[in-house]
Amino acid sequence: MPLTVMEAEAVQAELRQLLDLTGPGPRRPARVAGVDVAYDGDRLAAAVTVLDGTTLEVVEEIAVDGRASFGYVPGLLAFREVPSLLEALGRLSAPPDLVVCDGYGLAHPRRFGLACHLGVLTGLPTIGVGKTAFVGVHAVPAAERGSWTDLTLDGDVVGRVLRTRDGVKPVFVSVGHRVDLDTACQNVLDLTPRYRLPETTRTADRLSRRRLAENRRTGLVESAQHDETR
């Protein structure tokens, strides 16, 4: 684990060379995982929910507790979250066919966001779906579901601004590893039959928050914070 911003950026540069951006990736994944992390101070709960690719029903879920071992630095979020997410993914009964991150892939200042980082370390196809634009410029897509515009950074396309609901704010899709952008966007549309955000993101978010709430009730979080003051 890097200790400084400079070391972390060097790790990103090294791992970026291992990216597979050609895909095409799974077009009809049977098992789709969503990952998310919730925080209480520097304590965290990392959640993975696996959905049936056809019904979008949750078929497996894992949550693990951890502690952020790297400070909050924009663009280096993966170093806070990846260790616990790897542990959670490793506890699944079988690997998912696709991992959807609540964050970014290529749409990142150094073209290596959380989805890229997690994809390279696991070897799994990954995509990032952000709620807001982290980097780049874009035109506003048409109001109809499925409309999109390019998200560009320094003249390169790093993602798409995709409308998942008529007249609702779009999401920001970027590839992580072993998936192309067309396939990534089609999967996001398949995962958003009712709401703006993919079902993978919604279920993983609920699980991570529920885990933190359970920890508070059992005193785990309070005990950990008390220990830090000594």
Side-chain angles (χ1 to χ4, degrees), residues 25-40 43-68 77-78 80-105 113-132 162 164-165 171-179 183-218 220-221:
R27 300 183 184 277
R28 295 184 181 275
R31 287 167 51 90
V32 188
V35 299
D36 196 26
V37 178
Y39 290 89
D40 191 305
R43 301 286 302 188
L44 60 83
V48 177
T49 54
V50 180
L51 277 57
D52 180 285
T54 301
T55 67
L56 302 186
E57 294 295 321
V58 176
V59 296
E60 190 172 7
E61 56 182 29
I62 300 289
V64 301
D65 304 314
R67 189 185 297 271
L77 183 66
R80 291 171 63 84
E81 302 190 348
V82 160
S84 295
L85 289 175
L86 289 176
E87 181 181 352
L89 285 165
R91 294 187 185 184
L92 293 175
S93 62
D97 301 302
L98 177 68
V99 178
V100 181
C101 298
D102 179 22
Y104 308 93
L114 174 63
C116 298
H117 203 136
L118 198 60
V120 167
L121 293 184
T122 62
L124 297 171
T126 56
I127 63 176
V129 183
K131 303 179 186 70
T132 58
L162 178 66
T164 56
R165 307 299 302 159
V171 298
F172 297 81
V173 181
S174 54
V175 302
H177 184 56
R178 296 182 57 201
V179 183
T183 302
C185 288
Q186 184 56 58
N187 275 298
V188 171
L189 289 173
D190 290 342
L191 291 166
T192 52
R194 295 180 295 276
Y195 301 101
R196 175 189 177 225
L197 296 177
E199 290 300 301
T200 41
T201 298
R202 287 165 45 79
T203 55
D205 175 74
R206 287 198 297 265
L207 178 59
S208 64
R209 293 175 185 273
R210 187 169 75 238
R211 180 63 169 237
L212 276 189
E214 291 169 353
N215 289 343
R216 293 191 190 100
R217 287 196 297 271
T218 61
L220 177 60
V221 172

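Since the structure is predicted, the reported quantities are computational estimates derived from the model, not experimental observations.
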Side chain to side chain, [X] and [Y], heavy atoms closer than 4.5 Å:
X      : Y      : answer
Val48  : Leu92  : yes
Leu89  : Leu118 : yes
Asp205 : Asp102 : no

Shortest non-hydrogen contact between [X] and [Y], atoms and distance:
X      : Y      : answer
Arg202 : Tyr195 : NH2-CE1, 3.2 Å
Ile62  : Ala88  : CG2-O, 3.8 Å
Arg178 : Pro125 : NH1-CD, 3.6 Å
Ala115 : Gly128 : CB-N, 3.7 Å
Ala184 : Val173 : CB-CG1, 4.0 Å
Leu124 : Val99  : CD1-CG2, 3.9 Å

For the pair Asn215 and Asp65, evaluate side-chain hydrogen bond (donor to acceptor under 3.5 Å, both in side chains) and give the outcome as yes or no after the intermediate values.
-> CA-CA 9 Å; Asn215 289 343; Asp65 304 314; 2.9 Å; yes
Would you give the length of the straight line joining atom [atom1] of [X] to atom [atom2] of [Y], rounded to the nearest 0.5 angstrom?
X      : Y      : atom1 : atom2 : answer
Thr192 : Leu162 : OG1   : CG    : 7.0 Å
Asp190 : Leu98  : CG    : CG    : 10.5 Å
Ile127 : Cys185 : CD1   : SG    : 8.0 Å
Glu57  : Leu51  : CD    : CG    : 8.0 Å
Thr55  : Glu199 : OG1   : CD    : 10.5 Å

Without swapping roles, check the side chain of Thr126 against the backbone of His177 for a donor-acceptor pair under 3.5 Å.
-> yes
Could you tell me whether the side chain of Arg211 and the main chain of Ala63 form a donor-acceptor pair under 3.5 Å?
->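 Such a contact is found between Arg211 side chain and Ala63 backbone.
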Side-chain polar contacts of residues 80-87 - donor-acceptor pairs under 3.5 angstrom, sequence neighbours left out - could you list them?
| residue | atom | partner | partner atom | Å |
| --- | --- | --- | --- | --- |
| Arg80 | NH1 | Phe70 | O | 2.8 |
| Glu81 | OE2 | Tyr39 | OH | 2.9 |
| Glu87 | OE2 | Arg91 | NH2 | 2.4 |

What residues form a side chain to side chain donor-acceptor pair (under 3.5 Å) with Arg27, not counting sequence neighbours?
->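 Only Thr183 meet the side chain to side chain donor-acceptor pair (under 3.5 Å) criterion with Arg27.
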Between Arg210 and Glu61, is there a side-chain N and carboxylate O pair less than 4.0 Å apart?
-> yes
Does a side-chain N-to-carboxylate-O contact under 4.0 Å join Asp97 and Arg28?
->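 Answer for the salt bridge query: no.
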For atom CZ of Arg209, is the number of surrounding heavy atoms from other residues, nucleotides or ligands below 6.0 Å larger than 12?
->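 Check fails, neighbour count at 12 or below.
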Donor-acceptor pairs under 3.5 Å, side chain of residues 31-38 to any protein atom, not counting sequence neighbours: which ones?
| residue | atom | partner | partner atom | Å |
| --- | --- | --- | --- | --- |
| Arg31 | NH2 | Glu60 | OE1 | 3.1 |
| Arg31 | NH2 | Ala94 | O | 2.8 |

Thr203 side chain to Thr49 side chain, donor-acceptor N/O pair below 3.5 angstrom = yes
